[in-house]
There are 2 protein chains.
Amino acid sequence: MTKIAIDAMGGDNAPDEIVKGVAQASHEFDAEYILIGDRIRLEQCMQKYPPRSGTFEIRHTAEFVGMDESPRDALESKPEASISVAAKLLKEDKADAMLSAGNTGAVILAAANNIPMIEGVERSALAVVIPNLVLDKSKPAFTLLLDVGATIHCDVKHLVHFAIMGNIYSKEILGLTTPRLGLLNIGAEDTKGGYTLTQTHKVLKDINELDFIGNIEGNGIIAGEANVVVCDGILGNVLIKLLEGVAEALGELGRYVYNKNIVYKMSLAMLSPGIKKLKKTFDYAEYGGASLMGFRKLCVKAHGKSNAKAIKNAIRIAVMSAQSNMCDKISQSVAEINRKIPFSKFVK
Amino acid sequence: MTKIAIDAMGGDNAPDEIVKGVAQASHEFDAEYILIGDRIRLEQCMQKYPPRSGTFEIRHTAEFVGMDESPRDALESKPEASISVAAKLLKEDKADAMLSAGNTGAVILAAANNIPMIEGVERSALAVVIPNLVLDKSKPAFTLLLDVGATIHCDVKHLVHFAIMGNIYSKEILGLTTPRLGLLNIGAEDTKGGYTLTQTHKVLKDINELDFIGNIEGNGIIAGEANVVVCDGILGNVLIKLLEGVAEALGELGRYVYNKNIVYKMSLAMLSPGIKKLKKTFDYAEYGGASLMGFRKLCVKAHGKSNAKAIKNAIRIAVMSAQSNMCDKISQSVAEINRKIPFSKFVK
C-alpha cells in the first residue's frame, strides 16, 4: 500500500486544515497516511475530521519549524522537527512520498539532509504550475515552471536534468502525452542568454525524448506557449513571487472598487461570473502545491496558506507520484542522458 | 542649446508618430532636435505636424534597422542606419542625448559601438519604470528596475554601478530626494542569493550616498517597496516581459467579457472609471520609455509601439538628462566608489 508521510504541523492553518485535507483524501485515494506532529492536537483534529479508518497512523513529535524561522537554525536546534521526521521516513523506506505546507526552506533542507538524490542528479528543483491567462483553447491551460527556488544558479547539466524531471512529471502527474518544453531566456534566438543557456539549448535540441520548442520569454509563460519551462532557481523564484504580487494587488484593487459606491457594487455583482473565472486562474488551492524533485522520492510542498482542499489536491500528487513510480522513471531517463551527453565539457 | 538626436525611422509607427512627438516636444521643451531618417518622408510628416521653427534639422539617411532584424547583422550591413547615425552624433559631441523607438538590441549595440562608456563603468544597463499596483499612497507609485536586458549576467561591480546609476537617475529625472534602493533577490535575508548577490548586498549597505533597504523579492516590486531595484539583465528582462504578458492577457479577458452579453457590457460601462485606472497603470505611454545608462550620454529607448505622446515623454527624459548633467554626476559618483571599494577581490 502506498504510504504518504504528512508533516501535520507545517503551514499557517496546521494542524486543523492538514488533518481535514488528509481526511478528505483518505476517502478518495487508495493510500495510507502517517501524520507527524503533536499526538494530542492531531487526535483532537481527527475527532472533528475523521479519516477513513485503517488508513492512517500518528507519529508523535513535539517539535516543528515555524513559518518564519531560519530553516538551518531551526532544523539544527530541533532534530525531531515534524518535517525532518517526515523526510527520515522516506529515507528509511517507511513512506513513498511526503507532503508539507510548512516553511519552504526547511522542506528543501530537510529533504537534502535526509533523502538520497536520484543517482546522477546533483541538484533538486522545485516545480510549480502556473495557469496561463489566455483564452485560446488550443494553448496549454498551464505551464509547469522549474526551478523556482531550490537551486539558485544552474549549469547545463542541472537545467537538462530539470527538463527531464519536468517532462516526466507532466506525463505522470499532469496527464500530458508529449509536453512542449521551453527554456526561459532573454530572447527567442538560439544564441541568446550567455554560455550556459546557449549550451543548454543545444543539448535539449538533441534529446529525442523531449519535445523542445526552444527559448521562451517572460510573456510566453502567460501566453501558454509551453507545458514545461526550465530556468535557474532565482529566475523562477522572482517570477512566481511577482505573479503572486500581481494577483494580490488585483484582489486589492477589486475590493477598493467594490467599496467605492453602489454603482460599482452592482456592476461587480453582475460581473461576478467573469471575475470568479479570473480569480480561479490565480487560486493556488486548485493546483495542489509545488513539487520538489531530484530526490528518490517526491516531496510535495503545499502553499503555506493551504486549506483542506489544497492539501487534498497536494496529496493527490504525492499518491500519483508513488503509484506511477515517477522517480524511478526520472532515474532511468537521467542515467541514459548522462551516458549520452559529455556534460563535463561544459565548463565556463 | 541642448541637442537631442532622434532616430526618426525606429518603431512600429515611424516616422509619423515620431515626428508628431518631436513637434509636440518642440513646443514644450527648451531644446533642439536632429531628426535622422529619410528626408522626403520626414518632410512630408513635418507638413502634417510642424515642429516649432528653428528647433530642428534633418540628417538624411536612407538606411534603418527593422524591428525584427538581427541587430548585429543589420548594423554591419547598414553602416548608415539611422540608429548608428544618432549614436555617432553623440560620440562626436554634436548631440547631448538620443532617442529611438526602434529595435532594442540595435539601440544597445549602436550605443556600444559608438558612444564611449563612463570611465570606470564596464557594463551598460537598461532601466524601465514599473508602476506599482498598490493603493497605499505612502508607497512609491513606481519602481525603476535595472538592468532589463543590456547585461545578461552581472558581477558585484556591475550591480553596484547600476545602483549608482539608478539612484542618480531617480533624483535627476524622477524627482526623488532619497530614493529607496533594493536588490532583487530570492529572499529577504542578507545571506540569500549566492556569492555575487550576498557580496553586492554587503557593498551596497556600506555606501553612504545610497538609501539601501536590502533585498527585494518579486512581489516587493509590485508592492512598491523600493524606488530603485537592481538585478541581472536576464532577471529584469524575463520579469518585464512577464508583466507585459499579464497586462495583455488582462486586456484580452476584458474584451472577452465585454463581448459576452449585454449585462456584462452594461456592467463594464459602469465600471469603466475603475478599469481606466487599472489600464493607465499598465500604459507605457505615460512613462516615456526605457533609459540606457552607462554611456557618457543618455540613450532613451521608447517602446516600439510608441505613439506621439510616448515619444514626447521620452524626449522629456532625454532633455532632462542633458540639462541636469546626469551622466557627469554618475561619472563622479562611480569614480568615488571605484576608489573606495576593492572590487577586484570579488572574484568567484
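No hydrogens, no waters, no symmetry mates; every other heavy atom, side chains included, goes into these values.
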To the nearest 0.5 Å, what is the distance between [atom1] on [X] and [atom2] on [Y]?
X        : Y        : atom1 : atom2 : value
A:Ile130 : B:Leu242 : CD1   : CG    : 7.0 Å
B:Arg72  : A:Thr191 : CZ    : OG1   : 9.0 Å
B:Asn237 : A:Lys192 : CG    : NZ    : 8.0 Å

Task: Which atom of B:Ile234 lies closest to which atom of A:Leu235, heavy atoms considered - done: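 In this case the closest contact between B:Ile234 and A:Leu235 is O-CD1, 3.9 Å.
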Task: Check: A:Lys241 side chain, B:Gly220 main-chain N or O, donor-acceptor pair, under 3.5 Å - done: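 No, A:Lys241 side chain to B:Gly220 backbone: no donor-acceptor pair under 3.5 Å.
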TODO: Give the member of A:Leu197, A:Ile152, A:Asn185 that has the highest number of heavy-atom pairs under 4.5 Å with chain B.
DONE: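 Most pairs with chain B among the choices: A:Ile152.
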